[in-house]
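Worksheet for the structure shown next.
No experiment lies behind these values; they were computed from the predicted model shown. Here, residue 1 is the first one in the sequence, and each next residue gets the next number.
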Amino acid sequence: MLSRWSRVISLCSRAGLGERLSRNKSAFPLLRNYSKAVERDTLDKDNNSFSRKDRHGAVLDRNDTGSSFQVSGNMAFMSKPRSLALPPNSTLSVHEPEFKGFYRFILRLLLYYSKESHYIRTTDVLYKRIVYQVDRPEIYDTFSLEKCFRTTYALLVLHMWLCLSRLKAEGKEGIEFGQYLYEVYNHDVEIRVAAAGVNLLLTTWMKDLEKIFYGNVAAYDAAILPEAAKDELSHVIWRNVFSDEDAPMPKGSAATAVQALARYTRREYACMTLTDKEAIFSGNIMFSSLGKCSIQS
């Protein structure tokens with residue numbers, strides 16, 4: 001894992017990207033291992049928040065989010081898991097527009113109501129939920145993380161894994177939906193990285209990041225199993241998110257942030273299992289808010 005990250009960092013340096021990517025909050029690397037990328041608009045950002053109005057016209061309110069954690073120390077993220085589905089009356093909920101008559105007839109001819117078209121729209125919404133959580137300053141403040149390319153990428157992979165794991169539980173349909181989610185994930189990074197100045201090294205860079213992604217996902221899958229060691233997830237979080245080098249995980253109070261992110265991950269995983277299929281497939285979920293959370297001992 002370390003050698004792969006060293007190669008990525010080396011490529012970034014040679015391309016002059018290290019400093020630019022650390023300053024550019026929207027430069028997320030994504031992977032390119034699924035079918036043809038679907039053309040989409042870039043994600044709309046407003047002050048590091050989820051867009052106030054999405055492409056379907058749904059008005060979004062930054063205050064209309066999931067539960068907030070108001071505990072500190074080792075009690076953080078120990079509350080009972082609950083569904084991440086947004087309430088039906090939430091201003092963040094996105095609903096398919098209802099067309100009738102001639103317009104509906106034309107849209108049907110244009111395959112607007114096809115499964116592929118529907119998946120393209122809804123995975124775009126779901127991916128925005130991921131980026132919103134990863135972009136928020138609170139997640140870096142809460143877990144004492146530096147806002148840089150490496151940690152942003154690691155958090156993006158972590159939340160992608162949470163969604164893809166939940167989708168796998170829906171069998172073949174969920175896996176197919178996950179492929180479309182991956183297309184959004186892939187297409188977005190190509191736009192962002194290209195905007196940051198990567199051209200000639202893009203393919204090589206993406207291949208190395210792809211290996212990192214699959215290594216991280218496999219490690220999360222193993223660490224979340226019931227038979228996994230109690231502290232396995234904490235060690236995986238340390239290696240994938242916190243450790244710049246192949247250093248041993250700290251102990252005692254030095255590991256507070258690592259253990260807190262592991263508890264957050266385990267709780268969000270449990271929340272995902274309680275989230276109904278309709279909410280996941282429509283993108284109408286919101287990860288738990290971190291606005292009032294403190295993990296300081």
Side-chain angles (χ1 to χ4, degrees), residues 1-5 31 33 66-67 69 71 73-85 126 130 133-134 139 142-143 145 151 153-179 181-182 185 209-243 245-277 279-281 285 287-288 290 293 295:
M1 184 67 68
L2 176 61
S3 62
R4 289 171 183 164
W5 267 116
L31 310 181
N33 194 43
S67 58
F69 295 102
V71 293
N74 292 330
M75 293 303 295
F77 314 112
M78 296 292 287
S79 59
K80 183 178 179 180
R82 69 178 191 177
S83 170
L84 299 180
L126 182 57
I130 295 171
Q133 186 76 348
V134 171
I139 199 167
T142 298
F143 300 113
L145 290 167
T151 53
Y153 174 72
L155 291 173
L156 183 64
V157 172
L158 176 62
H159 288 82
M160 278 291 293
W161 169 75
L162 288 169
C163 289
L164 293 173
S165 296
R166 173 62 184 86
L167 289 169
K168 283 195 297 185
E170 297 298 333
K172 183 178 179 180
E173 186 180 5
I175 293 173
E176 182 180 6
F177 188 85
Q179 291 177 335
L181 178 62
Y182 230 97
Y185 178 77
L209 289 172
E210 183 175 25
K211 294 177 182 178
I212 293 172
F213 177 88
Y214 283 114
N216 287 8
V217 166
Y220 291 136
D221 282 340
I224 206 68
L225 292 174
E227 60 268 26
K230 183 178 180 180
D231 60 349
E232 178 63 21
L233 184 59
S234 294
H235 283 280
V236 170
I237 293 290
W238 165 253
R239 292 194 302 268
N240 291 349
V241 181
F242 288 87
S243 178
E245 299 179 356
D246 195 15
M249 179 175 162
K251 299 180 180 180
S253 60
T256 299
V258 181
Q259 293 167 352
L261 183 54
R263 291 195 301 273
Y264 163 84
T265 301
R266 195 176 295 278
R267 185 183 185 278
E268 294 300 278
Y269 181 89
C271 290
M272 275 291 193
T273 65
L274 299 174
T275 304
D276 62 88
K277 175 183 176 181
I280 293 291
F281 275 69
I285 68 167
F287 290 100
S288 300
L290 301 169
C293 180
I295 62 168

statement: Sorted by chain and number, sequence neighbours left out, ring-ring contact (aromatic ring centres under 6.0 Å, His included) with Y220 holds for W161

field: salt bridge (Lys or Arg N to Asp or Glu O under 4.0 Å) partners of D276, counting only residues at least two apart
entry: none

query: Are any of the side-chain heavy atoms of M249 and I237 separated by less than 4.5 Å?
result: no

field: Under the side chain to side chain contact (heavy atoms under 4.5 Å, CB included) test, residues paired with T151 that sit two or more places apart
entry: Y140, L145, C148

message: Under the rule for side chain to side chain contact (heavy atoms under 4.5 Å, CB included), what residues qualify as partners of A247, not counting sequence neighbours?
response: W238, S243

- request: Using side chain to side chain contact (heavy atoms under 4.5 Å, CB included) as the criterion, list what pairs up with A219, not counting sequence neighbours.
  value: V236, N240

Side-chain heavy-atom pair Y269, L233 within 4.5 angstrom cut-off: no

Those residues that, when tested against A229, pass side chain to side chain contact (heavy atoms under 4.5 Å, CB included) (two or more places apart): D231, E232

message: If the condition is side chain to side chain donor-acceptor pair (under 3.5 Å), which residues does K168 pass it with, not counting sequence neighbours?
response: none

message: Run the ring-ring contact (aromatic ring centres under 6.0 Å, His included) test against H235 and tell me which residues pass, sequence neighbours left out.
response: none

message: We want to know whether T275 and R166 form a side-chain donor-acceptor pair, criterion being a heavy-atom distance below 3.5 angstrom.
response: no

Residue pair H159, F287: steps toward the side chain to side chain contact (heavy atoms under 4.5 Å, CB included) verdict: CA-CA 9 Å; H159 288 82; F287 290 100; 3.9 Å; yes

